[in-house]
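In what follows, every chain begins at residue 1, and chains take the letters A, B, ... in the order their sequences are listed. The figures that follow rest on heavy atoms only: side chains count, while hydrogens, waters and symmetry mates do not.
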Amino acid sequence: MRIRLRLARPCNQLRGSVTLSYDDLCRRTRERDRSLREKVMSLDEAAALVPDGASIGIGGSTLSRTPLAMVWALIRAGRRDLVCARGISSSEGELLFASGASRHLITSWFSLGIVWGVSRIMRAYTETGRARFEEWSHLAMGLRFRAGAMGLPFLPMRSMLGSDVLTQLPDARVIDCPFTGEKLVLVPALNPDFALIHVQRCDAYGNAQIDGLPFMDLDLALAANRVILTTERIVSNDQIRRRPDQTKIPFLAVDAVIEVPFGCAPHECYGAYEPLFDHLNHYAAALKPDAEQGIRDYLARYFYEPASWTDYLDRIGLAELIDAARRGKSIYDD
Amino acid sequence: MRIRLRLARPCNQLRGSVTLSYDDLCRRTRERDRSLREKVMSLDEAAALVPDGASIGIGGSTLSRTPLAMVWALIRAGRRDLVCARGISSSEGELLFASGASRHLITSWFSLGIVWGVSRIMRAYTETGRARFEEWSHLAMGLRFRAGAMGLPFLPMRSMLGSDVLTQLPDARVIDCPFTGEKLVLVPALNPDFALIHVQRCDAYGNAQIDGLPFMDLDLALAANRVILTTERIVSNDQIRRRPDQTKIPFLAVDAVIEVPFGCAPHECYGAYEPLFDHLNHYAAALKPDAEQGIRDYLARYFYEPASWTDYLDRIGLAELIDAARRGKSIYDD
Amino acid sequence: MMTDSARYTASELLAVMSARLLQDGQVVFAGVGIPLLAASLAQRLHAPGLTILFEGGTIGAYVEPGQLPPSTNEQRCTRRANMVLGSTDVLLLLQRGYVDVGFMGGAQIDQYGNLNSSYIGLPERPTTRLPGTGGGNDIASLTQMIVAMKHEKRRFVERVDFVTSPGFLAGGNSRREVGLSAGGMFRVVTDLGLLGFDESSKRMTVLALHPGVTAAEVQANTGFELLVLSDLPVTDPPSNDELAMLRHLDPDHLYTA
Amino acid sequence: MMTDSARYTASELLAVMSARLLQDGQVVFAGVGIPLLAASLAQRLHAPGLTILFEGGTIGAYVEPGQLPPSTNEQRCTRRANMVLGSTDVLLLLQRGYVDVGFMGGAQIDQYGNLNSSYIGLPERPTTRLPGTGGGNDIASLTQMIVAMKHEKRRFVERVDFVTSPGFLAGGNSRREVGLSAGGMFRVVTDLGLLGFDESSKRMTVLALHPGVTAAEVQANTGFELLVLSDLPVTDPPSNDELAMLRHLDPDHLYTA
């Protein structure tokens, strides 16, 4: 019933991407506490920082380094109307739509991946107008975060020209280059209220190291107004300072640090664990007969019922975690 | 006599930064051999790749990771009219001016550093109009390389507005932002014909790892039309492939690889050696009584006379190299 | 589905035929599925110096047999790669001109090589919402394209419902006129034959037929009128070596079901 | 040169007085020389949570005593730092608004806080070519500035020959009108006193005098008319603790000659 009521406000009129004035951008940043301080908290405490309606940049890509524990915590906390943005979206997008936490996802691609086929939840929600999948090219998503990270209102690019993707995007502009006369697309900065990013390790201040594929996370961290980091483990600041050139996200951009082992499960965390394929198959199978009923049942069993993230992992099963970790670490084998 | 003759062509009319059309940029790149192939050669062979009048981006900054061995090889090869660009320039700029290899340096700052004072060679050459020091802000230099690396004709920025630095730069434009109405400076891409970059290690294909401060070298490598890498040591491709997330410059951008231990001396190479302070003091002292005669003598003794780079290092002296290496490696001590 | 010869599936045929288009020393930007597999096949057989890029952020990939990734964003894509970098940065290599050929699958294509992976029906209320462009638009906008797809009438349409990834748009010079001065459609590989595009009109053209396929059959499975090369060659069937390596790479038929 | 008290040099006075302006928890972008030294002094004394950024690409620096770098681009700047990154990227943190205060030395300043480090005389044929902006223009354009410099008439001029790093340009709202909506000159620390800028006219104003200095002396060493705060306070002289820590950091007087 609750979801139906919300349909009164068409989802394509939800607050989308607004290009902040430089004064507003700087004021928001100035108001943040950017000092060197401990920021360790629980998933619940971090979820409480995020209000309904906030815009959220989600780190990782597809099945990789997805900040799933934080998405889980926001859904459990009953968040609504989050405007979410991610380079490429996967099952976390389905769960955000189906839980009612979001009705607006800004991304370049939204499905389950070659093994499991087109997302039936994405289709069900977008084809009935219950949620919006705002489509930009992958490079456009990246440059929108990068413009946000650079403190710029836009960045130019050379793709999307001539396509219908561009005609659906009133926020993008086409200009004639003042230097060469060539046509360029200008994409507006994306400065989400919050970034959710999962990393392999960081210190209590939020100095984060990322192994393997960084995706758009470095830009996203600097673009967002607040950064919530989940991490496989918290290490000492001394360890960070021994190799400062391995720090990929600076503490001064970070507002919350939560230690969550297996924090991407059932997605992967580079070098720590590969995707939990059996659980992903189980999830896909659960959605097969009736996608909407299937995902409601899945949300109940894995999101609302567990007492804790560890309980969630326990329901996934120890055998799978061990197997995924073995496969994950094997990336460093000869 | 030779230098005097060249004065007929005023140095402020030397070919500066031209914004390439996208067709030209792509054609130049398409013509390069970007395949996985061995590129190991000598300093002399690499110097022979660079014609007179070429534009050159120089990696590192101030006294750090300066590709000095390659600068040394170009000066020895008698190159003329190189248009050089570097974020911040130091003694390598003096040597390029005084040797006649360059009469045009595009940079944000050009001197010797707080310990040795204002560059007398820079002053002598620019104040008499014998050479040009084209001044952009440090961020502008970085964004010009970045635009070049991104395949863009320009990038926007928010500094330089209202300053006289900007009024000296007809190649930069001020626009009203189409999104916010704010004033922005557009700086044109810098795509030098060659980049000279020194790294701690790379493989024979040019996959390069950089420790410590990267400066603008990653953008420079992708902005340039050809990249000449000097490296402290060449490692196997297998070693690179074990940690692909440590590769900072991809082989497909690289055209030459030269193994040159102590290739930045007397400047520093992060983690390998600190600046050779005694030699830098010796250099500064040699230029004190009469800067132009002093640097000519220095060039003779250290650039033209040595039979090889090792001979050059030998003239600097083993004791200093050992001391600088001890200090360099100490960055990893607790 | 087995083809006439029953020696290989249509997907295997697709993988082998498109692998043959890749040349040693090229830089190819490959999507997941048949493109990834075909590029790996080429790399293992005739093009050991082929440099494979993935959108997830990989340069010089060397995917391990039997360890195929579920997308191009997982660590399996980086095993024995030369470099791992941000996804924005790897896409920017396309814009910088470093890539010789983009290589993707396609859901729907039209006579000018435009691809649709976004909407069947109107965008405001589609009958089917597809997964979207991903990097498809960027790749197709910025470099020469090879597309590998099943040859079906519903996929080869006169005009796509929605141009997600631009081919030659309305044909002729229209691609260049909108500002896309680099790249364009190069080849479409299907389970029936090999297709290209007419140099001036930019209309899709049959360049070769796979063994046992007729030009009439190709036309019958296409929703618009094809140009046909006079003196149409027939491709060599997949060799035993090609099929053996293909099955070694994808023993579970993850991409070649 | 020793000041009246003979307990400290003018450079040491400058370092101590400017260190006092930095607050715990702030993010400061510091240039080499007195700024680097003063920021390190503040970090060791009253502001342990001060985050120091260097243009060479360092976040959260913690420079070691006696190991002062020759510029902000050497590995000494990164010892025990929290993060090392590209110089373009560290400068972009200014543009993104992450920095509370920029802190530089100055060669020549005018009544509106404009700095010149480029040319004495005309740019086309200068009598003295100076080293240039470096990051100075970027820092001064994008964040609140503290400048530390010797108080000499030839350095404090009515109008700089060349605006390398913008202060308040022609005063009033002129800085904002050219498009510089963030930052501006905050303080100028000299060996004679502490100066700020009038809120509406943006003219340089004496805010405090160092021990033993008179307002008349400050004016006499300035090439334009200064505004003077009524009821001018006198700063506390450098304490023994401050001087001891300063000399511990720079035992060779590399920056405080």
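Closest approach of B:Asp333 and D:Arg79 over heavy atoms only: O-NH1, 2.8 Å. The two residues B:Pro214 and D:Val84 make their nearest non-hydrogen contact at CD-CG1, 4.0 Å. Taking both residues in full, the closest heavy atoms of D:Asn137 and B:Met160 are given as OD1-N, 2.8 Å, listed atom of the first, atom of the second, then distance. Contact record, D:Pro131 with B:Val118: CG-CG2, 4.0 Å, taken as the closest heavy-atom pair.
For the pair D:Gln95 (side chain) and B:Arg158 (backbone), a donor-acceptor distance under 3.5 Å is present. D:Glu74 contributes no side-chain N or O that, together with a main-chain N or O of B:Glu268, makes up a donor-acceptor pair within less than 3.5 Å. A donor-acceptor pair under 3.5 Å links the side-chain atoms of D:Arg129 to the main chain of B:Phe133, judged by distance alone. Under the 3.5 Å distance criterion, the side-chain polar atoms of B:Ser64 are matched with a main-chain donor or acceptor of D:Asn73.
Note that the CD atom of D:Glu55 and the OG atom of B:Ser108 stand 6.5 Å from one another [nearest 0.5 Å]. To the nearest 0.5 Å, atom CD1 of residue B:Ile114 and atom CD1 of residue D:Ile34 are 7.5 Å apart.
Using modelled atom types and a 3.5 Å distance limit, the side chains of D:Asp138 and B:Ser159 yield a donor-acceptor pair. A donor-acceptor contact under 3.5 angstrom links the side chains of D:Ser118 and B:Glu135, judged on distance only.
No other option in D:Thr127, D:Val32, D:Ile139 has as many heavy-atom pairs under 4.5 Å with chain B as D:Thr127. Annotation: maximal heavy-atom pairing with chain B below 4.5 Å, among D:Gly135, D:Gly57, D:Gly56, D:Pro126, occurs at D:Gly56. Counting heavy-atom pairs closer than 4.5 Å to chain D, the top-ranked of the candidates B:Leu139, B:Val165, B:Thr62, B:Val115 is B:Leu139.
Both the backbone and the side chain of B:Met216 come within contact range of chain D, each with at least one heavy atom under 4.5 Å from a heavy atom of that chain.
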Derivation of the salt bridge (Lys or Arg N to Asp or Glu O under 4.0 Å) call for B:Arg146 and D:Asp89: CA-CA 10 Å; B:Arg146 183 158 293 178; D:Asp89 297 300; 3.1 Å; yes
